[in-house]
Undergrad: 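Attaching a single structure in structure tokens format; questions to follow.
Both backbone and side-chain heavy atoms feed into the values below; hydrogens, waters and symmetry mates do not. Labels below follow one simple rule: chain letters A, B, ... track the order of the sequence lines, proteins then strands, and each chain is numbered from 1. No experiment lies behind these values; they were computed from the predicted model shown.
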There are 2 protein chains.
Amino acid sequence: MSAAAELHLLRFLPFRLNRLAAEVSQNLAQIYRQRYGIDVPEWRILATLGAEGRCTAQAIAASTRMHKTRVSRAVAFLRESGHVRVAAGAADGRETQLQLTPRGRRLYETLVPLALARERELLAVLEPALAAAFLEALERLESALQLPRAESAPPAGQPAGSRVAGKASGRAARSP
Amino acid sequence: MSAAAELHLLRFLPFRLNRLAAEVSQNLAQIYRQRYGIDVPEWRILATLGAEGRCTAQAIAASTRMHKTRVSRAVAFLRESGHVRVAAGAADGRETQLQLTPRGRRLYETLVPLALARERELLAVLEPALAAAFLEALERLESALQLPRAESAPPAGQPAGSRVAGKASGRAARSP
DNA sequence: CTACGATGGTTGCGATCGCAACTATAGGAG
DNA sequence: CTCCTATAGTTGCGATCGCAACCATCGTAG
């Protein structure tokens, strides 16, 4: 009866998930931190606004599960740097509709290909069937934990974005 | 042509991994933070020492990929709280061999079942084949990113710890 | 119209983290 | 033996984060 289970950290799922996520994030974050002067929270806001067009800070916080203070500060930074501005039609006096400026859009369009390339690079180490299973499992876990999920299934073969672009250019660097 | 690639954050793998890991971690961390007064870094050290028996701070940092200052501070805390002590046979004057005190061992043996239960609970939302695929994919990704991995495959059915010992019980609560 | 609870967003503050610098010991090279 | 470099571990410091408190506005009840 008195069986104390042994636990090897390197086989413990929560630890492994954390470590993997941290590693993946750091790789990617370093690129847009050093080259474009933005950090993870800022990137998430750019990505949300880039896809959604416009939404409130509250909506960003809800879908990304970032704390609202984190969103607030990152938005303040992006507004000062001219990547984000408040949208005109302010229905509710409390909320602030946000959207990308042209400059923010250019930065977004510069970052997206990098992000997608990194994602593909990651999934490339899994053969297609395994990758599909992995994504399926991810979806299940997210569902079980009641995390916000994208509605429709991604176009087969491309887990995240899919479209390609003629555009490339855009020079939206920063540094402070 | 200027169709910029769209990227939906909710389908973007690095983001999803981060969010999932944070969610899983937080769930678990809250338990041993509130009930036992230890935090994630401390837990990782307990887990490492519990399984390894004894090792240096450097070894802990390497295998967990925590920054050495984080390890240093967590070890300091665990030593003050009487869960960890320096082991006798100090070969090298620079390093410090660490090990659990009996009290640390009791806390470890209290936490392990909670951790394993949580892990099982998580994997239970995946049917066995999918869970196996998920773990396989995880392993591949870790390998691709050159993260430290456990050597031998886990006994089928039990992803993490498995072994039993004679010891059990112990009441090792704390709070500060 | 005024009062009041709820919500969107910001700010003060304490805690944590990582980097860089530091101390101390180890292990050669001359 | 002394110098020099590398490694184990600690500490000072600035940056980030989350919580709680706060401000402003909305919606509703009286």
Side-chain angles (χ1 to χ4, degrees), chain A residues 18-19 21-23 25-27 29-30 32-34 37-45 48-49 52 54-81 84-87 89-99 175-176, chain B residues 18-19 21-23 25-27 29-30 32-34 37-45 48-49 52 54-81 84-87 89-99 175-176:
Chain A
N18 249 305
R19 201 184 44 162
E23 190 70 18
S25 241
Q26 205 165 0
N27 276 348
Q30 226 155 5
Y32 42 71
R33 172 156 36 226
Q34 296 177 351
I38 68 163
D39 219 323
V40 174
E42 287 82 17
W43 153 249
R44 288 180 180 172
I45 289 170
T48 303
L49 289 177
E52 299 295 328
R54 53 185 286 169
C55 59
T56 67
Q58 163 57 26
I60 296 174
S63 91
T64 62
R65 287 227 155 181
M66 286 195 287
H67 198 275
K68 63 178 181 172
T69 61
R70 217 172 156 195
V71 175
S72 174
R73 283 160 184 150
V75 165
F77 175 79
L78 288 172
R79 288 178 59 181
E80 285 196 24
S81 62
V84 166
R85 64 183 178 83
V86 303
D92 190 322
R94 292 166 299 182
E95 73 187 16
T96 319
Q97 290 281 343
L98 300 168
Q99 62 181 14
S175 27
Chain B
N18 250 303
R19 201 184 42 162
E23 191 70 19
S25 241
Q26 204 164 0
N27 276 348
Q30 226 155 5
Y32 41 72
R33 173 157 34 227
Q34 296 177 353
I38 69 164
D39 219 322
V40 173
E42 287 82 15
W43 153 248
R44 288 180 179 173
I45 288 169
T48 303
L49 289 176
E52 298 295 329
R54 54 185 284 170
C55 58
T56 67
Q58 162 58 26
I60 296 173
S63 90
T64 62
R65 288 226 154 180
M66 286 195 287
H67 198 275
K68 63 178 181 174
T69 60
R70 218 173 156 194
V71 174
S72 174
R73 283 160 183 151
V75 165
F77 175 78
L78 288 172
R79 286 178 60 183
E80 284 195 26
S81 63
V84 165
R85 63 182 179 84
V86 303
D92 191 323
R94 293 167 298 180
E95 72 188 17
T96 319
Q97 290 282 342
L98 300 168
Q99 61 182 13
S175 29

Undergrad: Quick one: how far along DNA chain D does chain A reach, first to last nucleotide 5' to 3', anything under 4.0 Å to a heavy atom?
TA: dC17(D) to dC26(D)

Undergrad: For the atom pair CD (Q26(B)) and CZ (R65(A)), what is the distance rounded to the nearest 0.5 Å?
TA: 9.0 Å

Undergrad: To check you understand the geometry: which heavy-atom pair defines the closest contact between V71(A) and I45(A), and what is its length?
TA: O-CD1, 3.9 Å

Undergrad: Of Q97(B), E95(B), R79(B), Q99(B), which meets side chain to side chain contact (heavy atoms under 4.5 Å, CB included) against V86(B)?
TA: R79(B)

Undergrad: Does the side chain of S72(A) get closer than 4.0 angstrom to OP1 or OP2 of dG9(C) through an N or O atom?
TA: no

Undergrad: Map T69(A) and H67(B) onto DNA chain C by nearest heavy atom, then report which one ends up closer to the 5' terminus.
TA: T69(A)

Undergrad: Kindly compute the distance separating CD (E52(B)) from OG (S63(B)), expressed to the nearest 0.5 Å.
TA: 7.0 Å

Undergrad: When you match Q26(B) and D39(A) each to their closest nucleotide on DNA chain D, which lands nearer the 5' end?
TA: D39(A)

Undergrad: Going from CG on D92(A) to OG1 on T56(A), what distance comes out if it is rounded to the nearest 0.5 angstrom?
TA: 9.5 Å

Undergrad: If you pin K68(B) and T56(A) to their nearest nucleotides in DNA chain C, which one's is more 5'?
TA: T56(A)

Undergrad: Rounded to the nearest 0.5 Å, how far apart are CZ of R85(A) and CG of L49(A)?
TA: 11.5 Å

